[in-house]
Amino acid sequence: KILVGWEMEHGSINDVKSGTFSLADEDHTLANSIRFTLNQDPRVTLCGYSIPHPTDAKVNIRVQTTGDPAKEVFKDALQDLIFMCGHVRETFDEAVDKCRKSNSGNAMDITP
Amino acid sequence: MSCITSEAPPPKPKISALDMPDVPMGRLPPHLERQRTRVLCNSDAPTHTESVLSSGAYASMELDNSGLLGHFKDNFEVDVIRLNEDEMEFDMIGIDASVANAFRRILIAEVPTMAIEKVLIANNTSVVQDEVLAHRLGLIPIKVDPRVFDYISENDTPNEKNTIVFKLHVRCTHGRLTVKSDELQWLPHGSGFLVETENPQLIQKSGSKTYTSFGRSQAEMSDFESNPIGPKHEDIIIAKLGTGQEIELEAHAVKGMGKTHAKWSPVATAWYRMLPEVELLEDVEDVLAEELKQKCPVKVFDIEDTLEGKKKAFVANPRACTLCRECIRGEEWQKRVALRRVKDHFIFTIESTGALPPEVLFTEAVKILEDKCERVLSELS
């Protein structure tokens with residue numbers, strides 16, 4: 001077990017291909033999104049998350065890979081999610097600008 | 001029978017059992033594509049509700065389901081349908097339910113706002129009890145950008161960067177008086193109530209202390225001069241007073257998140273639904289077409305005249321469908337109408353309570369998800 005701040009990684013030192021990451025102060029919000037991005041990665045054979053008890057804000061994320069260290073794959077999934085969020089923000093801002101421009105011609109109630 | 005020996009027959013080309021000419025490799029056949037991208041809303045229960053996430057799910061068809069990020073970038077779209085000061089409706093296409101739900105959860109519980117937390121009551125002779133009055137004050141939405149303020153913890157002193165102070169002093173002289181939220185006065189210089197000490201020498205030495213220590217007036221911060229801080233709605237009824245009853249109190253508003261208490265939630269609510277898809281599996285004509293048009297309470301179907309002079313039903317407005325399933329009630333109708341939902345097309349509606357405009361709220365929610373990931377990343381490395 002390696003205790004790193006709020007996050008704990010459970011796994012054997014000999015077997016880097018799989019591990020369970022225990023995140024504190026997290027819930028379905030982050031865990032389900034990470035599970036999605038992990039699944040998109042072809043190196044992952046198994047991924048899932050569980051919440052041991054609903055009153056404790058802890059979530060366990062299990063990752064098993066085809067050979068790469070689980071920690072690296074997990075980190076890559078987090079990077080992918082960050083990239084996705086950035087792209088969502090950009091696209092959203094563009095769409096809002098477009099809506100405003102097209103409505104400034106008509107008299108709709110829009111805050112500038 | 002004599003064997004005619006000749007050269008060995010030419011080796012037959014090896015054909016893989018999976019190499020079928022009428023199965024398109026690299027693409028899914030239509031029924032599987034439908035299973036992958038649509039929720040089938042049948043009359044008893046919806047099917048195929050889970051999204052097919054695994055990257056190797058369709059490996060035998062040589063279809064890479066990994067949804068690589070380039071793929072996401074090309075296919076992701078946002079369309080804003082309606083945008084007001086207080087609410088917005090927009091479509092997100094090409095994203096998965098888990099991320100859309102994450103945004104919804106963050107909007108409701110983790111985008112911070114300012115709300116009244118501590119109420120110092122000097123005088124309350126009304127019929128509304130102290131705690132009920134304080135509870136009601138906490139629920140009043142305050143029109144101020146919470147990003148300008150810091151969080152306050154137990155040991156911090158309330159100062160101009162983490163507290164907003166309001167004063168309420170009303171007295172009913174005759175009849176009935178309704179106390180509305182416009183009576184809440186913003187005090188940009190901080191608390192007006194003096195802290196009582198038993199030591200008069202302390203007051204002589206360092207001057208009388210109030211409950212907050214504002215270094216400078218909040219009116220100088222940001223653009224509070226032109227936009228004074230106050231409740232979003234001026235007509236929220238706080239209490240009702242009878243003759244001779246009086247309320248004198250000071251309310252301190254601090255920054256918090258919906259997770260701790262719903263008063264800090266920046267949205268009245270935020271929700272999404274998947275885009276409905278209605279398909280007529282057979283031609284529905286004449287009497288049946290009329291019946292179908294009448295059945296739908298939200299006018300999804302309409303009738304057009306065909307060239308032969310018959311009336312045919314068509315799907316006019318699938319987006320309005322509320323999935324009441326009235327059009328598939330009965331055995332025969334289930335064969336004629338198919339009700340589905342598109343798994344990656346979300347119609348998001350955000351109703352803001354007023355602290356921040358809805359488009360800013362959504363951007364903040366996405367930023368918060370990014371911050372969560374960064375936090376985990378920094379702890380992993």
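Here is how names work: the chains are called A, B, and so on, in the same order as the sequence lines, proteins then strands, and each is numbered from 1.
Between M84(A) and F76(B), the closest side-chain pair of non-hydrogen atoms is not below 4.5 Å. The side-chain heavy atoms of I95(B) and F36(A), taken from C-beta on, include no pair separated by under 4.5 Å. Contact check for I82(A) versus L369(B): no side-chain heavy atoms found under the 4.5 Å cut-off. Residues K73(B) and F83(A) meet the side-chain proximity criterion, which asks for heavy atoms closer than 4.5 Å.
Here the closest non-hydrogen pair linking L78(A) and V376(B) is CD1-CG1, 3.8 Å. Between S33(A) and S98(B) the shortest heavy-atom distance is OG-O, 3.7 Å.
A side chain to side chain contact (heavy atoms under 4.5 Å, CB included) with C85(A) is found for exactly one of V99(B), V366(B), I368(B), namely V366(B).
In this pair, F72(B) and H87(A) present their aromatic rings perpendicular. The plane angle is above 60°, beyond the 30 to 60° band.
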Worked verdict on E77(B) versus T91(A) for side-chain contact (heavy atoms from CB on, under 4.5 Å): CA-CA 7 Å; E77(B) 275 177 41; T91(A) 322; 5.6 Å; no
Using the side-chain contact (heavy atoms from CB on, under 4.5 Å) rule, take V96(A) and F90(B) through it: C-alpha gap first, then chi angles, then the decisive distance, then the call. CA-CA 9 Å; V96(A) 169; F90(B) 64 98; over 6 Å; no
Test side-chain contact (heavy atoms from CB on, under 4.5 Å) on R375(B) and D25(A); report intermediate values, then the result. CA-CA 11 Å; R375(B) 210 194 75 186; D25(A) 280 345; 4.3 Å; yes
Quick one, L380(B) with K71(A), criterion side-chain contact (heavy atoms from CB on, under 4.5 Å). Give me CA distance, side-chain angles, the key distance, then yes/no. CA-CA 8 Å; L380(B) 271 179; K71(A) 195 164 161 180; 4.2 Å; yes
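Only the side chain of E110(B) comes within contact range of chain A, with heavy atoms under 4.5 Å apart.
Listed by first and then second residue, the salt bridge (charged side-chain N to carboxylate O under 4.0 Å, His left out) pairs that reach into residues 85-95 of chain A are R89(A)-E370(B), sequence neighbours excluded.
To the nearest 0.5 Å, atom CD of residue Q79(A) and atom CG of residue L377(B) are 5.0 Å apart. With rounding to the nearest 0.5 angstrom, the SG atom of C373(B) is 14.5 Å from the NZ atom of K75(A). Taking CZ from F92(A) and CE from M88(B), the interatomic distance works out to 3.5 Å, rounded to the nearest 0.5 Å.
Within a 6.0 Å sphere centred on NZ of K232(B), heavy atoms belonging to other residues, nucleotides or ligands number more than 12.
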